Amino acid sequence: MTVPFNGSISRTQRVSLCVYSGFCTGVERAVRLAEGYLRERPGQELYVTGDIVHNAGVMRRLTSIGLKRIEGDAPPVGKTVLVQAHGISPSVEEVLVKNHNRIINGTCPILKANFDRFRLAEEQGFRSFLFGDRAHPEVEAIQGLLRDVVVFRDLEELSGLRNRVLTTDKIALIAQSTKPVDEYRRSAKMLVEQLKPQQLFQMHFSICAATILREEEIKEKAPLFSTVFIVGGKHSANTKKLVLLAREQCPRVHWVEDVEEARGYLALIQKSDTILIGGGASTPLQDIKAIEALFL
Ligand code: SF4
């Protein structure tokens, strides 16, 4: 794949930031909706259906101005509720509406379009095989949306689904937007190799460009630097993937949540070291820039 970087991939500076850094558009939009609502209504609360972003620092900041995460099975009554960027299942939305809540839809428009396509495939008789992590809110939303969906986390799980594959006439392969694209392609290959001629197969390109470009950039740039910092929450799946990819390319990779954690590595950095800094889709650009400032 050719990646249209906005900059050179040669190492020209001692400290470089990844071009594809900062919030993805979906997270940025949801954070903006929350912040806008709360800043215009000081003292009021805004409920959100989950972590608006997998980033402890951003969650702390929003919580301090009135954001409240809905916990467990106790939906609020008569409040304003922001749907997180990953979306929610129709049954969760139904309960919120029944409880007289006012809903602000923060679902990422790219995901919304994916969900519509998945639903259309189901209406056309396709059974979806979803490459995703069961506990991820995006996967939970898709599971709630479709009547019949088979989830697999990785190639190993997919290889154990042979019977389900062979007994499904029409298969739609779909993916969580932040799963690794290489593994998704390998999943498609594995599925296609098992199919009988009469089975129909379609693959949805539902992995987001924000994910693909970050991964490609790390793969191409990490070998050019002596140290890589990946910034992001320890619960962020796409950040973890960037860390794993960077470790395949560079011997010294540090996964840090914020500038304070990065500060702990200052003593290990030599003047001759070259440093690349990147981050997951839920890491704000200012966190990455703050770490850059540490090493300049
Ligand atoms: S990664 Fe892409 S699809 Fe997922 S929330 Fe961000 S912009 Fe939307």
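Keep in mind that what you see is a predicted model, and the values were worked out from it rather than measured. Atoms considered below: every heavy atom in the structure, side chains included; atoms not considered: hydrogens, waters and symmetry mates. Counting starts at 1 for both ligands and their atoms, following the listed order.
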Does a side-chain N-to-carboxylate-O contact under 4.0 Å join [X] and [Y]?
{"X": "E215", "Y": "K219", "result": "no"}
{"X": "R119", "Y": "E123", "result": "no"}
{"X": "E35", "Y": "R32", "result": "no"}
{"X": "D182", "Y": "R186", "result": "no"}

### Query
How many protein N, O or S atoms are found at a distance of less than 2.8 Å from atom 2 (Fe) of ligand 1?
1

### Task
State whether the side chain of S21 and the backbone N or O of G278 hold a donor-acceptor pair below 3.5 Å, judged by distance alone.
no

### Message
Any side-chain to backbone donor/acceptor pair from D258 onto E261? Under 3.5 Å, distance only.
### Response
yes

